[in-house]
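Written below as structure tokens is the structure these notes are about.
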There are 2 protein chains.
Amino acid sequence: MALEHAILVSLLEKPGSGYELARRFERSIGYFWTATHQQIYRVLKRMESDGWVDVRDVPQQGRPDKKEYSVADLGRAALSSWLHDPIEPESVRHDLAVKIRGAAFDDPTALIREVERHRLAHRDRLAHYLAGETRDFTGPAVSTAGAKAPLDAERELQHVVLRGGIAYERMMIEWLDDVLATLARFGPGR
Amino acid sequence: MALEHAILVSLLEKPGSGYELARRFERSIGYFWTATHQQIYRVLKRMESDGWVDVRDVPQQGRPDKKEYSVADLGRAALSSWLHDPIEPESVRHDLAVKIRGAAFDDPTALIREVERHRLAHRDRLAHYLAGETRDFTGPAVSTAGAKAPLDAERELQHVVLRGGIAYERMMIEWLDDVLATLARFGPGR
DNA sequence: TCCTTATATGCAACTCGTTGCATAGCAAGC
DNA sequence: GCTTGCTATGCAACGAGTTGCATATAAGGA
């Protein structure tokens, strides 16, 4: 399990509340690890009682107060230990692939609309990634302190992960085109 | 949840026992949906009591008897209904991507060995897929009955799913090379 | 004033998935 | 005779993830 670790990484990149984390899990880090707010609050509680994170009450005006979490030494150590622990290449869950194989026993052409929907979703996500890349990773590297940083690890590594997302979406779009061409070879009905 | 559906597809492709299904989930369908034997036996029980599958005791010689499952009408209907139900594009879980972003707060170069391990695993899987493609999808299309089938849906759809696996592995290998090049730009330690 | 929306946090129940363990038949080798 | 290994099925406990619901502050519009 690695939700704790995804949260640690996100909090190291920038401290924040459970609510803010939940929003980040809808974009950014969420492209590579999903979580709902309920899960995040529950895990944050556990991380707090384990001493992995520190909490600070932050009064706000115009909106409810929040609890801002930041990574404690124990959390940093836990992340480091996880990083040094080998993990197995991910176990996959591709509903769509199962559906495509299953379509052989139903009407294959009925899947076309579904595959097109997925293709659109991937096209949108690709556009979103590319926009983010242009926004955040073009122009000179500037560290958060404003000083020139020739090798800003945080930025470089975020960028390579984003490039992975871009490559994945491009691959998916090409493959879904292949799937559509294959499905189109079958006549309607069976 | 779709383990039921993955099992239905696999049983439609060929009836078999829980044990045999578990082995298929280590290859073939398992490349796109993972499951352990405990999970499979539990779900098969439920599917049986729901009338989705039929069971037949098959005595064997030289080994324990087995229960052979095959898809019942209710199961076929359930699969069909699932196929017509739109699903959301998958939620992703990429430990490695989280690790790479986390490495910015530790020693980035310490991840190199781990990334190389993953690269090897993907290279092996690619080789495995390519061998399977050569074995099963070259030469003339021949249906199970031995007759020429100009449009064998089952075979065509299995092939396009396999091509997806191949494209995925190729993309991953290229990306991991990119990751390795990025990590190499950081000196040892920090 | 009421309704909606956004911020912000949380509980409870349930399902799904993983891990560890248990059992049993039979073959092959030491 | 004993151990190892493969086939074959299963239980129990736990941990992770999902779904539905609940609560509270406050801004903005109908």
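Each chain gets a letter, A, B and so on, in the order its sequence line appears, and its residues count up from 1.
Annotation: side-chain hydrogen bond (donor to acceptor under 3.5 Å, both in side chains) contacts involving residues 47-59 of chain A, sequence neighbours excluded, comprise A/R56-A/E68. Within the structure, salt bridge (Lys or Arg N to Asp or Glu O under 4.0 Å) contacts touching residues 158-174 of chain A (residues at least two apart or in different chains) are A/R125-A/E169, A/R163-B/D178. For residues 154-176 of chain A, every residue pair satisfying the ring-ring contact (aromatic ring centres under 6.0 Å, His included) rule, not counting sequence neighbours, is listed here: A/F137-A/H159.
Straight-line distance from the CG atom of A/L44 to the C1' atom of C/dA8: 13 Å, rounded to whole Å. Rounded to whole Å, the distance from CZ on A/R46 to P on C/dT9 is 18 Å. In this entry the distance linking CG of A/D57 with C1' of C/dT9 reads 12 Å, nearest Å. Between B/E68 atom CD and D/dT9 atom P the separation is 10 Å, expressed in whole Å. As a whole-Å value, the separation of B/D95 CG from D/dA16 C1' is 14 Å. Regarding B/Y41, its OH atom lies at a distance of 17 Å from the C1' atom of C/dT18, rounded to whole Å. In this structure, OH of A/Y69 is placed 11 Å from C1' of C/dG10, rounded to the nearest angstrom. At whole-Å resolution of the value, CG in A/D65 and P in C/dT9 are 9 Å apart.
Shown here are the ring pair (Phe, Tyr, Trp, His ring centres under 6.0 Å) partners of A/H128, two or more places apart in sequence or in another chain: A/Y31. In this structure A/T36 satisfies the side-chain contact (heavy atoms from CB on, under 4.5 Å) test together with A/Q38, A/Q39, sequence neighbours excluded. Checked against side-chain contact (heavy atoms from CB on, under 4.5 Å), B/D124 has no partners two or more places apart in sequence or in another chain.
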Next item on the list: Between protein and nucleotides 25-30 of chain C, map the contacts as a letter string: B base, S sugar-phosphate only, - none, heavy atoms under 4.0 Å, written 5' to 3'.
Entry: BSS---
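For DNA chain C, the residues of residues 17-28 of chain A within the heavy-atom distance limit of 4.0 Å (strictly under) are A/S17, A/G18, A/Y19, A/R23, sorted by number.
Regarding contacts with the backbone of D/dG10, a side-chain N or O of B/K45 is found under 4.0 angstrom from either OP1 or OP2. One finds a side-chain N or O of B/K67 lying less than 4.0 angstrom from the OP1 or OP2 phosphate oxygen of D/dG10.
Listed by chain and number, the hydrophobic cluster partners of A/L120 come to none, as no ILVMFWY side chain reaches under 4.5 Å of it. Other members of the hydrophobic cluster containing A/Y19, listed by chain and number, are A/Y41; membership follows side-chain contacts under 4.5 Å among ILVMFWY residues, whether direct or relayed.
Using modelled atom types and a 3.5 Å distance limit, the side chains of A/D106 and B/H84 yield a donor-acceptor pair. Under the 3.5 Å distance criterion, with hydrogens and angles disregarded, a donor-acceptor pair is assigned to the side chains of A/R101 and B/S28.
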Atom pairs under 3.5 Å, N or O on each side, protein against nucleotides 18-20 of chain D: can you list them with distances?
residue : atom : partner : partner atom : Å
D/dT18  : OP2  : A/Q39   : OE1          : 3.2
D/dT18  : O4   : A/R42   : NH2          : 2.5
D/dG20  : O6   : A/Q38   : NE2          : 3.3

Using a 3.5 Å cut-off and no angle test, enumerate the donor-acceptor pairs between side-chain atoms of residues 59-67 of chain B and protein atoms at least two apart in sequence or in another chain.
residue : atom : partner : partner atom : Å
B/Q60   : NE2  : B/P64   : O            : 2.8
B/D65   : OD1  : B/Q60   : N            : 3.3
B/K66   : NZ   : B/E20   : OE2          : 2.8

